[in-house]
Undergrad: 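One structure, as structure tokens, below. Some questions next.
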Amino acid sequence: MKTSTVHQISFTNPFADLYLDKENGEFALDFRRQEVTIYLNYTQYQGLVLLVQQSMENDELGEFIRWEKDPLQCEDNILFEVCGPDHVVCLACTPNCERIKLTFDLGAAIDLSFADFQGLAALIKEAQADLEWRRELLRWNMVDSGPDMAAGGD
């Protein structure tokens with residue numbers, strides 16, 4: 001569910017809340033079940049988005065996360081590791097434990113169930129599809145990277 005005010009855009013579902021502060025370009029990711037909030041800058045948020053997308057597109061890992069394969073039938077020594085750009089955020093998953101660990105370069109790690117991770121993925125997908133959210137991301141990308149000289153920026 002989306003909520004938008006003059007100062008903030010937020011998306012929520014039963015698993016997590018995602019906030020974007022329009023005034024300073026900071027993101028907050030509130031994991032409901034774990035009662036943990038992680039604050040991210042633009043680069044860290046984009047790293048998380050790419051990591052979640054890569055994880056869900058990984059056929060073998062995705063089959064476990066979506067419960068298409070029984071994780072309890074998995075060998076004990078199977079470990080999936082996926083890292084976002086510049087290792088801003090990394091994922092480790094041992095399917096037979098039915099858990100996913102996200103480790104952020106800011107010194108925080110969070111342990112998620114498969115359902116929590118699916119909820120996070122759905123939340124990010126919903127936000128990324130929203131036009132207002134994408135406009136704000138573009139605006140903050142330009143602030144982070146500076147003016148585009150090819151487009152005539154000073």
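Bear in mind that the values here come from a model prediction, so they are computed numbers and not experimental data. Residues: numbered from 1 along the sequence shown.
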Undergrad: Between Phe27 and Leu137, is the side chain to side chain contact (heavy atoms under 4.5 Å, CB included) condition met? List the steps.
TA: CA-CA 11 Å; Phe27 299 83; Leu137 291 180; 3.4 Å; yes
Undergrad: For Cys74 and Asn96, which heavy atoms make the closest approach, and how far apart are they?
TA: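 The answer is O-CB, 4.1 Å.
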Undergrad: Taking only residues at least two apart or on different chains, which pairs with a member in residues 87-104 satisfy salt bridge (Lys or Arg N to Asp or Glu O under 4.0 Å)?
TA: Arg99-Asp111
Undergrad: How are the rings of Tyr45 and Trp133 set to each other: parallel, tilted or perpendicular (split at 30° and 60°)?
TA: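 Aromatic pair Tyr45/Trp133 classed perpendicular.
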Undergrad: Is the closest side-chain heavy-atom distance between Phe15 and Leu120 below 4.5 Å?
TA: no
Undergrad: Give the minimum heavy-atom separation between Pro71 and Pro95, together with the two atoms involved.
TA: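 Reported closest heavy-atom pair: CB-O, 3.0 Å.
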Undergrad: Taking all non-hydrogen atoms of both residues into account, name the closest pair between Leu51 and Val82 and its distance.
TA: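 Answer, listing the atom of Leu51 first, then Val82: CD1-O, 3.1 Å.
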Undergrad: May I ask you to test the Leu61-Leu91 pair for a side-chain heavy-atom distance under 4.5 Å?
TA: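 Yes, side chains in contact.
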Undergrad: Under 6.0 Å from the CG atom of Asp86, do we count more than 12 heavy atoms belonging to anything else shown?
TA: no
Undergrad: Which pair of heavy atoms, one from Ala109 and one from Thr103, lies closest together, and at what distance?
TA: CB-OG1, 4.0 Å
Undergrad: Is it the case that the side chains of Asp30 and Thr37 hold a donor-acceptor pair, with the cut-off being a distance below 3.5 Å and no angle test?
TA: yes
Undergrad: Once side-chain contact (heavy atoms from CB on, under 4.5 Å) is applied, do any residues pair with Glu132, and if so which ones, sequence neighbours excluded?
TA: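 Checked Glu132 against side-chain contact (heavy atoms from CB on, under 4.5 Å); matches are Lys2, Ser4, Ile9, Lys22, Asp130.
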Undergrad: Got Thr12 and Arg32 here, is their nearest side-chain heavy-atom distance under 4.5 Å?
TA: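 Yes. Closest side-chain heavy atoms under 4.5 Å.
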Undergrad: Got a sec: does the CD of Glu35 have more than 12 other heavy atoms crowding it under 6.0 Å?
TA: no
Undergrad: Is there side-chain contact between Ile100 and Phe64, with at least one heavy-atom pair below 4.5 Å?
TA: no
Undergrad: Compare every heavy atom of Gly119 with every heavy atom of Asn13, then report the nearest pair and how far apart it is.
TA: ND2-O, 2.8 Å
Undergrad: Counting neighbours of CZ on Phe114 that are heavy atoms of other residues, nucleotides or ligands and sit closer than 6.0 Å, is the number greater than 12?
TA: yes
Undergrad: Suppose we screen for side-chain hydrogen bond (donor to acceptor under 3.5 Å, both in side chains). Which residues come up paired with Ser113, at least two apart in sequence or across chains?
TA: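 With sequence neighbours excluded, Ser113 shows a side-chain hydrogen bond (donor to acceptor under 3.5 Å, both in side chains) to Asp116, given in chain and number order.
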Undergrad: So for atom CG, which belongs to Asp59, do other residues, nucleotides or ligands contribute more than 12 heavy atoms lying within a distance under 6.0 Å?
TA: no
